[in-house]
Chemist: 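Dropping a structure here in structure tokens format, bear with me for questions.
So you know, we letter chains A, B, ... as the sequences are listed, proteins then strands, and number each from 1. This structure is a prediction, so every number in the text was calculated from the model and none was measured.
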Number of protein chains: 2
Amino acid sequence: MSARAVFRCLVEAGPATRPQIGQTLGLSRPTMSAATAELERLGYIEVVGAVQGALGRKAAQYRVGPGAGHVIAVDAGSTHVRVRVATLDRQLLHSRVHRLSSSHFLMNEEISAAVADEVNAAIHECRADRGPLRAIGIALPTRVVGPDQDHSATRQDILFSHFTPPDGVDIVLENNVNCAAVAERHHGVAKGRETFAYVQIGLKIGMGLILSGQLLRGHNGAAGEIGHLTFPFAPGLVPEPGEVERYMGTEALMGRVRADWPADGGPVPQDAADLVARAEAGEPAASAHIARHADDIGALVAACVAVVDPGLVVLGGGLGAAKPLPERVEAVARRLSYPVEVVSTGLGVDATALGIEKLAVDRALVGLLGEAA
Amino acid sequence: MSARAVFRCLVEAGPATRPQIGQTLGLSRPTMSAATAELERLGYIEVVGAVQGALGRKAAQYRVGPGAGHVIAVDAGSTHVRVRVATLDRQLLHSRVHRLSSSHFLMNEEISAAVADEVNAAIHECRADRGPLRAIGIALPTRVVGPDQDHSATRQDILFSHFTPPDGVDIVLENNVNCAAVAERHHGVAKGRETFAYVQIGLKIGMGLILSGQLLRGHNGAAGEIGHLTFPFAPGLVPEPGEVERYMGTEALMGRVRADWPADGGPVPQDAADLVARAEAGEPAASAHIARHADDIGALVAACVAVVDPGLVVLGGGLGAAKPLPERVEAVARRLSYPVEVVSTGLGVDATALGIEKLAVDRALVGLLGEAA
DNA sequence: GCATATTGTCAGGCAGACGAACAAAAGACC
DNA sequence: GGTCTTTTGTTCGTCTGCCTGACAATATGC
């Protein structure tokens, strides 16, 4: 039915009149009238006003209505839990940031409890305000596997020991790096791009792959786990699993910085943010370390480029926005492999939350409109 | 129109009766009659007999008819040019192997001339035999880029200086490793698999990726070019482009074998096939080299697994079918990364030709049935 | 007030598919 | 052999989803 297409159009492109939607979808006026009448009857859309063109009769403007419901998006990060409640057309209804008592590498009891609390608070906050709750999306700092896959060795089950989802509400779990990649595609520098890679450089290192417009999860939900890349990878050396993570994470970087800081370089940088700031301020020692790190990341990106040839790599995470990084990474990667464009993310700390929000909205639409695409 | 679906069904599943097709496609008898009548009128299908069930009236059996036409598939390999002419439902009409005078690393004048000669010969051979020629597929040992991409630094244009395709015939170019991957999916050990990687280990090393059922080509047509993987990849070493290829190819392997062959190991193996045969026969020196090579490949496969998590890796190429390889590669890859199954190809030297044939048939179907999927 | 342009609705029609009924062909059973 | 049952194939009416064309309902500008 064309009503589905009309609703999708309103969700994605925002308020519009019947002639506008008919134009973009290639539908006739009678069909548009029937579709909007049906959607309005269901409460999924509502008239929001009338728009006057240059000439002629005013056109009624429609938008997603309260009956379409809303979603809750949660970014369960290592230092903060961020919650967003939004309508299907992404009007923010509620948002909260919960600071964790300490920084966590993995999904654990404290994060799970915080997520459960925040979701329950959000549910009560927005009750009956903008229609039914359709989906809850949670971005996790762990590998996420589907219901038919092997759950051993994952930590996503910890969450559900703290949290019972309401009946009839879809739950969407996704890895946080994958979520950031989705956000880059819909709101960030990769907008409209069909194929690209998002590389997160922070405490841990990870990658999210969007190929031909769809997120690559992989057979075990482990696609993009480049922290597990073979390393060292050279004749005569015995590789160890997970060494890239241990070598490229900010802790290892700061360890090298502390061990290698020149006596005349001033105080040793306290953390990665400090290092980046002083490199951007022009301090030679800090710049040298950032440059060296960029070269390492460039080699890593080159490996990913050789495997999937994404054409564009977006750098994110704590170090991803550092000024001199993209150019240097791009230079190294291009020397080692095929042409690739490397840019920094423009989305801030909200990237992951925006991405899981988009995924939750997509799931809600599937539930609302049936299986059809 | 349902006629498209019926024709696709006959192309993919072979001869069938109307009730059978209606069953699989969920179409009613009247619809099936209309569809087959339309297709028969166009000459795309024909009645091939009548099938008697356990009881009741005989059912007419249909199959793809002469009017549907045929395709030419060419594997432009490094030592041979293989040609297959087949109907859309993959009945082999003609096949030829043209041995090249020497082994070539890249697309060059001799290969191009041989391809042009063989295609022209095949065109005249099958003229008016099984309807019009719909598409010509050519598997190339080079990176293949689309018409909208950057053609500099590719060698696919050499071909067209030797060869003018007939009017109205679609030309499909694809990298030979990607073709082998497609063949594994449709005829080989990865049959029915939606996501897997094919790794070719021979003179050169390369990978073809099938993700969610579709071939990943990448932004520059360079996806799977793991010969360009960053190498060496370890702290303090300066990586050089293309070193994996130079290290993992059979020439480098045999160089190490010759340099390192024990005095009491008998005559030095002449080539890779000899090395494999003697390893399978139990000779310790040969086994040790194959094992070492398997470990290297295992590290390489682990890198690919970390990036795309294919779940299944099919080994092919000159060394891919070597007996002890898959288990050893799997063991190394699993230790370094996520669970992955590693198996050897069951298709022989025809893998690439079968793959490009499938791609040519797909293109012919698009041309025949319109843009619809 | 009237011409013109645009939106919105109504009626009719067309394409594609389905279900029900009926005709045709084959084996099963007496 | 005759009849019954089962399956195939066709004819007919219908239904859904959409379009085209005509008409009514606004809006602007002279």
Chemist: Does the side chain of A/R134 come within less than 4.5 Å of A/H70's, by heavy atoms?
Modeler: no

Chemist: I want to verify a distance call: between C/dA23, C/dG8, C/dC10, whose nearest atom is closest to the A/P30 side chain?
Modeler: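 My answer, after comparing the listed nucleotides, is C/dC10.
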
Chemist: Under 3.5 Å, side chain of B/R185 to main-chain N/O of B/R193, donor-acceptor pair present?
Modeler: yes

Chemist: Has A/S33 got a side-chain N or O lying under 4.0 Å from the OP1 or OP2 atom of C/dG8?
Modeler: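 False: A/S33 side-chain N/O out of range (4.0 Å or more) of C/dG8 OP1/OP2.
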
Chemist: For A/S2 and for A/G53, locate the closest nucleotide of DNA chain D by heavy-atom distance; then report the residue assigned to the nucleotide nearer the 5' terminus.
Modeler: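 Whichever sits nearer the 5' end wins; that is A/S2.
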
Chemist: Mark yes when over 12 heavy atoms from residues, nucleotides or ligands other than B/Q23 sit less than 6.0 Å from its CD; otherwise mark no.
Modeler: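 Counting neighbours around CD of B/Q23, 12 or fewer heavy atoms of other residues, nucleotides or ligands fall under 6.0 Å, so no.
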
Chemist: Does B/K58 put a side-chain nitrogen or oxygen below 4.0 Å from OP1 or OP2 of C/dA26?
Modeler: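 Yes, within the criterion.
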
Chemist: Please determine which of B/L133, B/V119, B/L93, B/I136 meets the side chain to side chain contact (heavy atoms under 4.5 Å, CB included) test together with B/V85.
Modeler: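 With B/V85 as partner, B/L133, B/V119, B/L93, B/I136 yield a single side chain to side chain contact (heavy atoms under 4.5 Å, CB included), made by B/L93.
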
Chemist: Distance-only, no hydrogens or angles: does the B/N175 side chain make a donor-acceptor pair with backbone N or O of B/N178 under 3.5 Å?
Modeler: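 Judged by distance alone, yes, a pair lies under 3.5 Å.
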
Chemist: Do side-chain atoms of B/D309 reach the backbone of A/N220 as a donor and acceptor pair under 3.5 angstrom?
Modeler: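 Indeed, once roles are kept as given, a pair shorter than 3.5 Å links the two residues.
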
Chemist: A quick test of your reading: do over 12 heavy atoms of other residues, nucleotides or ligands sit less than 6.0 Å from CD of B/E12?
Modeler: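 For B/E12, atom CD is crowded (more than 12 foreign heavy atoms under 6.0 Å).
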
Chemist: Round to a whole Å and report the spacing from CD of B/E38 to C1' of C/dA17.
Modeler: 15 Å

Chemist: Does A/Q61 offer a backbone N or O that forms a donor-acceptor pair with the side chain of A/T17 under 3.5 Å?
Modeler: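 No; judged by distance alone, with no hydrogens or angles, the pair does not exist.
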
Chemist: With heavy atoms of chain B within less than 4.0 Å as the criterion, where does contact along DNA chain D begin and end?
Modeler: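 Under 4.0 Å from chain B, the extent on DNA chain D is D/dT6 to D/dT11.
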
Chemist: What parts of residues 11-27 of chain B reach DNA chain D, counting only heavy atoms under 4.0 Å away?
Modeler: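 Here the set is B/R18, B/P19.
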
Chemist: Hey, does the side chain of B/S28 come within less than 4.0 Å of C/dA17's phosphate (OP1/OP2), counting only N and O?
Modeler: no

Chemist: Quick one: label B/A34 by what it contacts on the DNA or RNA (base, sugar-phosphate, nothing), any heavy atom closer than 4.0 Å.
Modeler: nothing

Chemist: Would B/M32 and B/I21 count as a side chain to side chain contact (heavy atoms under 4.5 Å, CB included) here? Give the steps.
Modeler: CA-CA 8 Å; B/M32 281 305 307; B/I21 303 172; 3.8 Å; yes

Chemist: On DNA chain D, nearest-nucleotide positions of A/R57 versus A/M1: which is more 5'?
Modeler: A/M1

